Every structure is written in C-alpha cells, then in structure tokens.
Amino acid sequence: MLRSVLLVFLAGGLTLGAPYTAKTTTVTSTTCTTPQKRPSWHDMTETNKKAYLAANRCLLTSPAKLKPGLPGAKTRWDELVSLHQIHALQIHTTGQFLPYHRYYLKIFENLLQECGYNGPLAYWDETRDAGKFSSSPVFDTTTGFGGSGKGAQNCVQDGPFANLTVNIGPGFKSQPRCVNRRITNALSGQCGSSYVATALKGDTYEKALDAIYSGPHLFGHMALAMMDGDSITSSGDPLFFLHHSFVDKMWWDWQSKDTTGKRLKEIGGLNAQDPAVGFSEFPGGMEVESAMWGKPTAAILAATPDPASGDNGGKLLTLGHIMSSGGIIPNATVAEVMDIKGGYLCYEYV
Ligand SMILES: [Cu+2]
C-alpha cells in the first residue's frame with residue numbers, strides 16, 4: 001500500500017497504568033475580546049517570519065530546562081519533541097488527536113515566547129500549494145524553513161535549520177539526527193481544497209476526526225516526510241507546527257460550521273490507542289508496528305501520563321480529560337481547548 005511504503009510509523013506497548021500523578025488543571029476565567037490572528041505563512045509579515053524562525057532556532061540550540069528532565073532531551077526543542085513522543089500512543093488514532101495537538105500548539109507558542117517571539121503562530125494554507133508543495137514560499141531559504149533535505153538522511157541543508165541536531169527519535173529511541181524532510185509533490189495534491197471540504201463533511205466529531213486525520217493531515221505528513229515520516233517524533237522538524245496549525249484550523253472550521261455551538265462541546269473516541277489497531281494508517285496493530293520501531297522505554301513509560309486522567313478511569317475521552325505538558329505550561333482540560341476563542345485560548349485563523 002502506498003501509505004505504508006511511503007510513511008514509516010511505529011507503535012509500541014500500551015502505556016496504561018504508568019506511574020503519574022496529574023496536577024489539577026488551572027481553570028481559567030479569562031475572556032477573549034481580541035483574539036490573536038493566525039495568518040497563513042503566505043500572508044505573515046516578513047518581520048514576523050524572521051522573528052518566528054529565529055525563535056525556533058533558539059529553542060533548537062538552547063539547553064533543556066525541565067527538572068526532572070524528559071527522557072533523552074538535551075535541548076529545549078528536544079523537550080517539546082519528547083512530549084510528543086511520550087504522548088504518541090494517546091494522541092494519534094484516538095479522540096485526543098485534535099484537542100491534544102491544539103494544546104501542543106499552545107505549549108509551542110509559550111516556548112517561542114521564551115525565545116523572544118511574541119507574534120502569532122502561523123498555519124500553512126496547504127490548499128494554496130497542493131500538488132506543488134516544493135514551490136511554496138514556506139520553503140524559502142531566508143523567509144522560510146529551507147527546502148527538501150539532501151543525501152541519504154534527507155538532512156535539511158539550507159535555511160535556518162541546516163546543520164541542527166534533534167536528539168529525540170526515531171520512534172521511541174533517542175539518538176542525535178539532523179532536521180530532515182523529503183517533499184513529494186504528488187502526495188500533496190490531497191491537501192487541496194476539495195479534499196479539505198470532503199474531510200469536513202462529517203456530522204459528528206468522530207467522523208470529522210477520522211476524515212481529517214486520514215485525509216489532509218496524513219497526506220501532508222506523507223508529502224513532507226518530516227523526521228523520516230516518523231509519527232512519534234515528526235515534531236522534530238519546525239515545519240510540523242505549520243502543518244498542525246493547518247490541521248487545527250480544519251477542526252475549527254468544522255466546529256464553526258455548526259452555528260448552534262454544539263460542536264464546541266462535542267468530543268468522542270478513545271483516550272489511548274487500541275493495541276489491535278495501533279496507528280490506523282499502518283495496518284497490523286501495535287505488535288506489528290513495534291517489531292519495526294520498538295516500544296516505549298522504561299524511562300518513556302515512567303514519564304507517560306495516565307491516559308485516563310480526568311476520564312473517571314474509563315477508556316473513552318471526555319471533556320474533563322486532563323492534558324499535560326511535562327510542566328512547561330499548566331495542565332488543561334479538553335473542555336478548555338474546545339473553543340479557540342473561549343478564554344483559555346484566544347486566537348482565530350485569518
Ligand atoms: Cu502528533
């Protein structure tokens with residue numbers, strides 16, 4: 001199958017029962033009167049583009065801060081990637097996929113602020129570049145992320161992320177490797193507007209979730225093959241956050257399509273992967289995937305949150321589910337991230 005050939009995925013043992021005490025969430029009472037505007041990268045000011053890229057580079061070259069540290073993390077950037085790694089089996093092919101990645105973008109935004117960037121996050125309106133990703137301004141060498149990688153490892157060799165090292169991944173390993181990607185224009189065709197429209201047609205959260213996940217989200221990953229196309233640690237490439245803001249926008253567009261507000265409270269799915277399914281895009285379930293990619297190490301399991309945190313011990317995701325960031329920002333509930341203009345979050349896509 002095209003998908004399984006082109007995209008490398010892994011999964012390992014289930015993380016149920018890992019020792020972890022969830023902190024109580026910070027309940028916010030803030031209101032959102034002037035939401036920050038998140039532009040497509042195409043429309044971002046050149047000043048903000050350069051400052052945004054510089055802050056990403058700063059995180060990639062700053063030492064890790066968390067105590068106790070996250071497994072394998074040597075830089076502040078590694079901490080962000082490690083967080084994705086330790087949550088990998090809870091936030092893909094589960095109901096948590098959309099809310100956790102929305103929260104993950106907030107964590108990322110806070111880290112950029114540590115490095116002096118106070119502008120908005122940007123998304124990549126991939127519909128504008130569908131079928132011809134490689135000619136997108138996103139890959140500019142001075143006002144973008146640099147282009148497709150080169151050599152056997154597909155290391156990015158131009159732009160702000162050339163010659164930088166990420167220490168998390170591949171999969172559940174922690175090994176130094178370059179920021180790498182490989183652009184395949186043909187696969188990017190399915191990030192086009194007709195595919196996005198199709199993905200947003202579902203009338204329930206779970207239908208929209210599945211269609212976004214296995215549609216433009218997955219094809220974007222396949223077309224970019226960030227960090228070897230590894231779904232556990234693809235956030236090692238800063239480009240990940242532009243793609244996932246696009247994914248977040250798709251969810252928001254679906255939520256906003258219903259004007260009754262019903263979709264601001266609608267959630268569903270599991271809070272952790274079903275081992276028999278694993279990553280849905282890589283058929284065979286967790287055991288097959290782990291034969292190729294290994295399983296979470298003891299250190300990763302020890303750092304992994306209880307997947308049922310806030311869900312009353314059940315397997316189904318609820319609005320009360322508590323999401324955590326390893327201490328980078330306060331925990332948040334799924335309920336808090338449902339509305340991007342709800343107070344805890346305050347932004348809009350333009
Ligand atoms: Cu992810």
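What's counted below: heavy atoms across the whole structure, side chains too, no hydrogens, waters or symmetry copies. First listed ligand is number 1; within each ligand, the first listed atom is number 1. It should be emphasised that the depicted structure is a prediction, and the values quoted were computed from it without experimental measurement.
Here the side chain of N48 pairs no donor or acceptor atom with the backbone of M44 at under 3.5 angstrom.
For the pair Q153/N180, no side-chain contact is recorded, criterion being any heavy-atom separation below 4.5 Å from C-beta on. At a threshold of 4.5 Å between non-hydrogen side-chain atoms, the residues T93 and F97 do not count as touching.
Applying the disulfide (SG to SG under 2.5 Å) rule to pairs touching residues 81-160 yields C58-C115, C155-C178, sequence neighbours excluded.
The heavy-atom pair separating D339 from R102 by the smallest distance is N-NH1, 4.4 Å.
Listed by chain and residue number, the protein N/O/S atoms under 2.8 Å of the Cu ion (ligand 1) are H84 NE2, H92 NE2, H101 NE2, with waters left out.
A side-chain donor from one of D129 and S136 sits under 3.5 Å from a side-chain acceptor of the other.
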